[in-house]
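Step one of this worksheet: look at the structure below.
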Amino acid sequence: QLQLVESGGGAAQAGGSLTLSCVVSEYIPNKYRMGWFRQAPGKEREGVATIVSDDSARNYADSVKGRFTISRDNAKSTLYLQMNSLLPEDTATYYCAADSKRRFSLSRIPADFTYWGQGTQVTVSS
């Protein structure tokens, strides 16, 4: 069973930056595509950014394009989300997820992902 552990959440001021990390328990080249998702209270979980299994393509939600960057360090089995120019509406619990069935899909649909971390809270104040 693949395990994912997020870290790096916390409090930030609007306009500030945070970097989220997600350590994956197993690294096999090109096996998993991965993504970052978020869920605010009372709202559905939404896909923020995804990266395909060979890192050749990424997909971002319109709300974060130009501000967030998803990346992966395979040597460290770690997925990152660099978040810049934070807005209060970025406040949510952020989750990383992995999928081995659709390795080259850019889908940001949560149901397409099998493995999930426990989440890390991000709070942005104005």
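Basis for what follows: all heavy atoms, side chains included, without hydrogens, waters or symmetry-related copies. Count residues from 1 along the sequence. None of the values given here were measured: they were computed from a predicted structure.
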Can you name the residues that form a side-chain contact (heavy atoms from CB on, under 4.5 Å) with Arg103, not counting sequence neighbours? Asn30, Ser53
Could you list the residues that satisfy side chain to side chain donor-acceptor pair (under 3.5 Å) with Arg45, not counting sequence neighbours? Gln39
Which pairs with one or both residues in residues 78-94 pass salt bridge (Lys or Arg N to Asp or Glu O under 4.0 Å), sequence neighbours excluded? Arg38-Asp90, Arg67-Asp90
Under the salt bridge (Lys or Arg N to Asp or Glu O under 4.0 Å) test, residues paired with Asp54 that sit two or more places apart: none
For Gly47 and Ala61, the nearest pair of non-hydrogen atoms, with its separation, is O-CB, 3.5 Å
Linking Ile, Leu, Val, Met, Phe, Trp and Tyr by side-chain heavy atoms under 4.5 Å, what else ends up with Phe104? Val52, Leu106
Taking side chain to side chain donor-acceptor pair (under 3.5 Å) as the definition, give me every residue that meets it alongside Lys65, ordered by chain and number, with sequence neighbours left out. Asp62
Got a second to check how far Leu87's CG is from Ser63's OG, nearest 0.5 Å? 9.0 Å
Closest heavy-atom contact between Val24 and Met34? CG2-CE, 3.6 Å
Residue list, salt bridge (Lys or Arg N to Asp or Glu O under 4.0 Å) with Asp112, at least two apart or on another chain: Arg102
I'd like to know if the side chain of Ser25 and the backbone of Gln3 have a donor-acceptor N/O pair within less than 3.5 Å. yes
Identify, with sequence neighbours excluded, every residue that meets side-chain contact (heavy atoms from CB on, under 4.5 Å) alongside Glu26. Leu2, Ile28, Lys31, Tyr32
For Tyr94, give me all partners under ring pair (Phe, Tyr, Trp, His ring centres under 6.0 Å), at least two apart in sequence or on another chain. none
Applying salt bridge (Lys or Arg N to Asp or Glu O under 4.0 Å), name anything that partners Arg108, two or more places apart in sequence or on another chain. none
Flag yes if Leu79 and Leu4 sit in one hydrophobic cluster, no otherwise; membership is Ile, Leu, Val, Met, Phe, Trp, Tyr, and two members link when side-chain heavy atoms are under 4.5 Å apart. yes
Min side-chain heavy-atom separation Phe68-Trp36 under 4.5 Å: no
Donor-acceptor contacts under 3.5 Å from residues 6-20 side chains, at least two apart:
| residue | atom | partner | partner atom | Å |
| --- | --- | --- | --- | --- |
| Glu6 | OE1 | Gln118 | N | 3.0 |
| Glu6 | OE1 | Gln118 | NE2 | 3.4 |
| Glu6 | OE1 | Gly119 | N | 2.9 |
| Glu6 | OE2 | Cys96 | N | 2.9 |
| Glu6 | OE2 | Gly119 | N | 3.3 |
| Ser17 | OG | Asn84 | OD1 | 2.9 |
| Thr19 | OG1 | Gln82 | OE1 | 2.5 |

Student check: side-chain heavy atoms of Tyr115 and Asp99 closer than 4.5 Å: no
State, with a plain yes or no, whether a side-chain heavy atom of Trp116 is found less than 4.5 Å away from one of Pro110. yes
By side-chain contact (heavy atoms from CB on, under 4.5 Å), which residues pair with Thr78, not counting sequence neighbours? Ser21, Val23, Lys76, Tyr80
